[in-house]
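See below for the structure under consideration.
Only a predicted model underlies this, so the values are computations on that prediction, with no experimental measurement involved.
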Amino acid sequence: MTRQPDNSSGTPAETAPTLVEDLLLLLFQPRSGTIAGENILFYVLAGAVLADLALADRVTMADRRKVKIVEGQAPSDDLLRSAWDYLSEKPRGVQTVLAAIGPELRKPVLERLVERGDITREDRKMLGLFRTTALRDGGTGRRARLLEEVRQVLVDGAEPSARVAALAALLSGSGTLPQFYRDIPWTTPVIKRAKELEQGNWGAGAAAEAVTRTMTATVVNSVIVTTTVIPRS
């Protein structure tokens, strides 16, 4: 497969976004200023980090349940490198990795989106006394473009790139896809296509090796298994 670019030289604002950044940006809801699926967010973000490493051939399956690094393929992006270093100690179960790397992801990923201008913060006062910070769309148009790519795959039947397939599969696996109903109708064909993507059935257009599809499907389904014990918002 064609190796994904190393998105790690320079500052985050100067480099290509990671998959986890794209996922958090999609989960951001501009109308309400909230992030969909907050109560399960760290599992989903961790899944995006693992999927990003898999798409770049930096990790692979050690067996049917565990993931391991690909030697000599350490990323220099801080978020991805932290997960890779954790896995470099020994192969680990996917759910173990999700629980270990997920809790620390929300803040730095959100900071990257703010630095890029995709999301802005707005200070407010509640009742004239308490200061709060509201999230707002930054007006870059990047979220709209990402959402349109996902919509084309799920609604129009377009063949996805491997990256968009992974994004759509993670949205579906997280249980947040129904919250996008204004842009992506929650219909039977959409549900069916989303489930296919969860299983790694991406179509010929998503140029990814079988092992990468299997790895990503394993990650997504581990997210599903992990989050089903937590009430979804």
Side-chain angles (χ1 to χ4, degrees), residues 4 7 17-28 35-62 64-69 75 77-87 91-110 112-113 146 150 153-154 160-180 194-202 206 208 211-230 232-233:
Q4 298 287 313
N7 304 326
T18 58
L19 188 69
V20 68
E21 291 172 65
D22 284 350
L23 182 62
L24 184 59
L25 182 57
L26 280 172
L27 290 172
F28 169 63
I35 295 174
E38 277 278 18
N39 59 333
I40 58 168
L41 187 62
F42 79 79
Y43 294 112
V44 183
L45 296 182
V49 168
L50 276 183
D52 206 338
L53 291 170
L55 291 176
D57 294 334
R58 301 187 189 280
V59 297
T60 189
M61 299 303 297
R64 294 183 65 181
R65 295 181 298 173
K66 292 184 177 181
V67 60
K68 65 179 181 179
I69 64 167
D77 180 279
D78 290 343
L79 293 177
L80 302 182
R81 181 58 185 263
S82 179
W84 195 91
D85 285 345
Y86 176 67
L87 282 167
R92 301 180 190 270
V94 175
Q95 291 181 32
T96 298
V97 180
L98 298 180
I101 70 174
E104 304 301 321
L105 287 172
R106 185 188 189 278
K107 182 177 179 180
V109 176
L110 181 58
R112 287 190 180 193
L113 294 175
L146 287 170
V150 172
V153 172
L154 293 176
S161 66
R163 187 181 182 91
V164 173
L167 277 174
L170 285 163
L171 287 177
S172 178
S174 69
T176 59
L177 201 51
Q179 298 187 43
F180 294 82
K195 293 301 178 184
E196 291 174 348
L197 295 174
E198 287 178 17
Q199 298 301 319
N201 299 323
W202 297 349
V211 66
T212 303
R213 295 174 187 238
T214 299
M215 169 75 191
T216 307
T218 301
V219 169
V220 172
N221 282 277
S222 293
V223 170
I224 295 170
V225 170
T226 305
T227 58
T228 50
V229 300
I230 303 173
R232 289 172 172 172
S233 60

Quiz item: Looking only at atom types and distance, does a side-chain atom of W84 sit under 3.5 Å from a main-chain N or O of R58, one as donor and one as acceptor?
Solution: yes

Quiz item: If you look at every heavy atom in M215 and T60, which pair is closest and at what distance?
Solution: SD-C, 4.1 Å

Exercise. Examine distances only and state if a side-chain atom of S174 and a backbone atom of L171 form a donor-acceptor pair shorter than 3.5 Å.
Key: yes

Exercise. Quick one: do T226 and F42 satisfy side chain to side chain contact (heavy atoms under 4.5 Å, CB included)? Show the steps, please.
Key: CA-CA 11 Å; T226 305; F42 79 79; over 6 Å; no

Quiz item: Backbone N or O of E198 within a donor-acceptor pair of the N221 side chain at under 3.5 Å?
Solution: yes

Self-check item: Intermediate values then yes/no, side chain to side chain contact (heavy atoms under 4.5 Å, CB included), R112 and L24
Solution: CA-CA 10 Å; R112 287 190 180 193; L24 184 59; over 6 Å; no

Quiz prompt | The single option from V220, V223, V219 passing side chain to side chain contact (heavy atoms under 4.5 Å, CB included) against L50 | solution = V219

Practice problem: Could you walk me through whether F28 and L113 pass side chain to side chain contact (heavy atoms under 4.5 Å, CB included), step by step? | Solution: CA-CA 10 Å; F28 169 63; L113 294 175; over 6 Å; no

Quiz item: Roughly how far apart are L167 CG and L19 CG, rounded to 0.5 Å?
Solution: 4.5 Å

Quiz item: Just how far is it from atom CD1 of I40 to atom OG1 of T227, taken to the nearest 0.5 Å?
Solution: 4.5 Å

Exercise. Might you point out which heavy atoms bring T212 and A54 nearest each other, and give the distance in Å?
Key: CG2-O, 3.5 Å

Self-check item: A169 to L197 - nearest heavy-atom pair and separation
Solution: CB-O, 3.6 Å

Quiz item: Could you go step by step and tell me if I69 and D85 meet the side chain to side chain contact (heavy atoms under 4.5 Å, CB included) rule?
Solution: CA-CA 9 Å; I69 64 167; D85 285 345; over 6 Å; no

Self-check item: Under the side-chain contact (heavy atoms from CB on, under 4.5 Å) test, residues paired with T218 that sit two or more places apart
Solution: M61, V94, T214, S222

Quiz item: Is there a donor-acceptor pair closer than 3.5 Å between any side-chain N or O of E21 and the backbone N or O of T18?
Solution: yes

